[in-house]
Amino acid sequence: MSAASRANRLTPYLFLAPAAVILAFALLYPIGYMVYASFLDWSPSQRIGEADFIGLRNYTNLLQDAAFGESFWVTIKFAAVVVTLEMIIGVGLALLLDRNIKGMSLLRTIFILPMMIAPIVVGLMWRYMYHPTVGIFNRTIKSLGFEEGIPWLSDSTWSFIAVVIADVWQWTPFIFILALAAMQSLPRSALEAADIDGATEWQKITLIKIPLMMPVLIVTLMLRLIDAFKVLEVIMVLTNGGPGLSTEIVALRIFRTAQEFQELGEAAAMSNILLMLLMALTIGMFFYSKLQEARAARMRAAAEQEEAH
Amino acid sequence: MLTNFNFTGAAVALAMTAGAAAANPYEPYAGTTLVVNFPAHPHFDAVMEVLPQFTEETGIRVEVDQLQYLKMREKQTLELTKRKGDYDLIAYVVFSKADYVYADQLENLAKYFMNPALADPGYDAGDLIDGYVANIGVAGGDKGYLPGATGSLFGIPFGSETSILGYRQDIFDKHGLQVPTNYEELLDVACKIPELEPGMGGLASRAASGHHASHAFLLHLAPLGGRIFDDQWNPIVNNEAGVAAAEALKTIVDCGAEGAKTFGFAEAGASFLQGNSAMFLDSTVFAGQVNNPEKSKVVGKVAWAPHPMGVRRGSQTGGFGIGIPGNAQNKDAAFLLMQWLTSKEADKAIAIAGGNPSRFSTHSDPAVLEVQPHLEVFGKALAFADPDWRPIIPTWGKINADLGTTLSQVLTEDLDIQTALDGVAERARGIMEDAGYYTWQN
């Protein structure tokens, strides 16, 4: 092989190299650092080099730690509930508002306001609204003639509901705005054809709009799911994980492990477990959408073949 | 208050210059700039008013890096692990004592007090509040974190706090109530008040899940005769005294203002300041706000009493101390600043400006009491400050969090107290075992 052709073949790698270097430093190095830290017994008073290597002990400790197990379960419950509610309400709103209404752009801006507020502020705002005596919810309930207000943040079931409501309030607009955008870019021809065939509104939604929006919805779902697993500030301000451990999601536990318990290694191990869980979810979603695409492609091919005959 | 401060400031200056007339011990360090790390905290705000006096008298400049106190730990951890640190003097919270001393990051103060060029013979260390010194300053003695035959001094209390009972004089007078001196009376009055004053809670206490619930429990544990560990590090939090303390906390919260189950320090304080609770039992740092009309609706209506007695007297000890980092670059001058800040004169000036005094004498000084009359009761309470009301060991963060969440379950979900504390003790044993505290057992 001549030198010229070898150089020729190496050229693409040369161009890729800067990106690879940046990737290695900016992405892989910090993750590697975290993975390494999870094998250490590391207190913040030590430099990382001084920490003892303890192998998998952080992980085995975590598996036996009932409090971490509970946090993990709370996180899964929280993510499942909020994302389901947000998807239903967000897509529902988008379906309702996908029409020419006067002042729609203003309405849309108002709808996405909650998303733009800093999470700390959202937490504080809701905390005052949930206040047992001066909060708007309990004042309303009492002015309606009920004796007792709802123990929003002092009962384990209600406080879980309270953080779910706050999260749904803040993040439904995200799904709404993406669903609306997806809907408005749907091919009008399919809907017109459905009109001509006499499809009802409901049929149009279930048979045309939702299936065509599916790829966007899946990505949206995934983004929200990843976010829901990591939500921290709102819950920290609202309940700080309490009462008991009823709202202590993993992100909060990681924060406390590093900050209060001063165990950086264990916190890193928790982050890794969370990372692996999210990776599994993402890969699962990825394969699911690949499968969907393949099926759609098969159907399209079949349809084209029929047409050709 | 400002004129008053100026007056004392001048008095301090006079006293110091008189002492320095013979030979000025500060002279070799004039022109040095010290970098100190203080928290944003009412005591240190008062210190900032007095600090210019030091520079004026000594010619040593002081640059203060004031941080939010939760941020301090992070910054100090970075600073203290450097080869050459930027800080010459740091304020640290009690818990950091265990970590810093263990990691050999704080200077042992013996060599400074031995140095005749640095140590002021008139310093009167015996006047420093011994409960605070034991809690914040000394390490290496009993249980490792307390004074004792093997202990030595690593810091000096500065901005320390104890617990004190605040009560509404007007409400107590109105119903002819006696100020509680023991726990029986305390719990009795706490539950009578909601009956006598509908809508008002008895005692505003912290109760929120985590650190707050745990802190409130520990406030009662020491006076009721309990401890977290015995001398062999066996958890004894679930013994009779522990159960009594948890029962006391539950009674207090149940007879508290509406929403008491989720109060943190701020909410409990606000409940008292807004007139929704008749008593307040917590840190003395709170006292500064009571007569501030911007924050308080109970100006002039609050009186103070020592922390009620259980089977023994024992009020909390906590807050801050100051120490010299091992990697500081101007250690001698830092010691001079430290000695000056905790001297009798400066302690008084800081108290008048609204800080928490570190000395017994300040609590009975007429000039101080004229401006801060509540300090008289505080001084009496401080004689019983308990340096060992909670363990100061690295594993405590984890045990404290578990204790706090479990107690929150007791308060909100009616978890049985004995079962709850048995669980805490069992998990604490596991944590201590992992950390090697039972190496010498069996």
Side-chain angles (χ1 to χ4, degrees), chain A residues 41 43-50 54 57-58 60-61 64-68 70-71 127-128 130-135 138 142 148-159 162 236-248 252-253 255-264 266, chain B residues 70 73-74 76-78 80-83 95-96 98-105 199 201 207-213 253 257-264 267 270-271 274 276 394-402 404-413 415 420 423 427 430-431 434-435:
Chain A
D41 180 13
S43 103
S45 295
Q46 296 167 307
R47 263 174 255 144
I48 192 164
E50 296 167 353
I54 54 166
R57 209 166 77 212
N58 283 327
T60 51
N61 282 353
Q64 290 159 8
D65 185 354
F68 176 70
E70 174 132 15
S71 281
R127 186 157 130 195
Y128 285 109
Y130 287 133
H131 192 282
T133 46
V134 298
N138 275 5
K142 281 178 193 165
E148 288 275 312
I150 291 175
W152 287 109
L153 300 178
S154 53
D155 174 273
S156 47
T157 315
W158 278 111
S159 61
M236 193 160 81
V237 174
L238 261 183
T239 64
N240 198 18
L245 289 173
S246 55
T247 55
E248 185 168 289
L252 185 58
R253 184 139 193 105
F255 176 75
R256 296 181 66 187
T257 304
Q259 196 82 14
E260 279 178 42
F261 313 162
Q262 313 261 330
E263 297 201 20
L264 301 183
E266 204 176 299
Chain B
L70 291 169
R73 175 64 203 248
E74 233 174 277
Q76 289 180 358
T77 299
L78 280 176
L80 295 180
T81 45
K82 291 197 319 201
R83 199 175 302 276
F95 280 113
S96 305
D99 296 326
Y100 293 169
V101 171
Y102 190 73
D104 202 14
Q105 291 167 339
S209 191
H211 173 68
H212 292 294
V253 171
E258 197 172 357
K261 286 174 183 173
T262 51
F263 279 177
E267 285 92 350
S271 172
Q274 294 300 310
N276 296 331
T395 48
W396 175 244
K398 208 167 192 184
I399 297 167
N400 187 40
D402 179 46
T405 43
T406 312
L407 285 167
S408 167
Q409 287 170 334
V410 168
L411 296 174
T412 59
E413 294 164 20
L415 178 64
R427 290 186 293 272
I431 294 169
D434 283 347

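The chains referred to below are lettered A, B, ... by the order of the sequence lines, with proteins before strands, and numbering in each begins at 1.
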**Asked** Distance-only, no hydrogens or angles: does the Ser209(B) side chain make a donor-acceptor pair with backbone N or O of Pro243(A) under 3.5 Å?
**Response** no
**Request:** Give, as side chain, backbone, both or neither, the part of Arg427(B) having an atom under 4.5 angstrom from any heavy atom of chain A.
**Result:** neither
**Fill in**
OG1 of Thr406(B) to CG of Leu245(A), rounded to nearest 0.5 Å, is 7.5 Å
**Prompt:** Who passes side chain to side chain contact (heavy atoms under 4.5 Å, CB included) against Thr239(A), sequence neighbours left out?
**Reply:** Leu153(A), Ser159(A), Val163(A), Ile235(A), Thr247(A)
**Message:** Less than 4.5 Å to any heavy atom of chain B: does that hold for the side chain of Gln259(A), its backbone, both, or neither?
**Reply:** side chain
**Complete:** Residues Phe261(A) and Ala401(B): closest non-hydrogen pair is CE2-CB, 3.1 Å
**Prompt:** For Ala103(B), is it the side chain, the backbone, both, or neither that has a heavy atom closer than 4.5 Å to a heavy atom of chain A?
**Reply:** side chain
**Message:** For Asp41(A), which atoms come within 4.5 Å of any heavy atom of chain B: side chain, backbone, both, or neither?
**Reply:** neither
**Asked** Between OG1 of Thr77(B) and CD of Gln262(A), what distance do you get to the nearest 0.5 Å?
**Response** 6.5 Å
**Message:** For Arg253(A), which atoms come within 4.5 Å of any heavy atom of chain B: side chain, backbone, both, or neither?
**Reply:** neither
**Request:** Under 4.5 Å heavy-atom distance to chain A, tell me which part of Glu413(B) shows up: side chain, backbone, both or neither.
**Result:** side chain
**Message:** Which one wins on heavy-atom pair count under 4.5 Å against chain B: Gly241(A), Gly244(A), Pro151(A)?
**Reply:** Gly244(A)
**Asked** Taking only residues two or more places apart in sequence or in another chain, which ones pass side-chain hydrogen bond (donor to acceptor under 3.5 Å, both in side chains) with Asn138(A)?
**Response** Trp152(A)
**Asked** Among Gln76(B), Lys261(B), Lys398(B), Gln409(B), which has the most heavy-atom pairs under 4.5 Å with chain A?
**Response** Lys398(B)
**Asked** Rounded to the nearest 0.5 Å, what separation is found between the OG1 atom of Thr262(B) and the OH atom of Tyr130(A)?
**Response** 13.0 Å
**Asked** Looking only at heavy atoms, which two atoms of Arg256(A) and Gly210(B) are closest? And how far apart?
**Response** NH2-CA, 4.0 Å
**Closest heavy-atom pair and its distance - Pro132(A), Gly259(B)** = CG-CA, 3.3 Å
**Asked** Can you tell me how far CZ of Arg73(B) sits from CD of Glu260(A), rounded to the nearest 0.5 angstrom?
**Response** 12.5 Å
**Request:** Name the region of Glu266(A), side chain, backbone, both or neither, that has any atom closer than 4.5 Å to a heavy atom of chain B.
**Result:** side chain
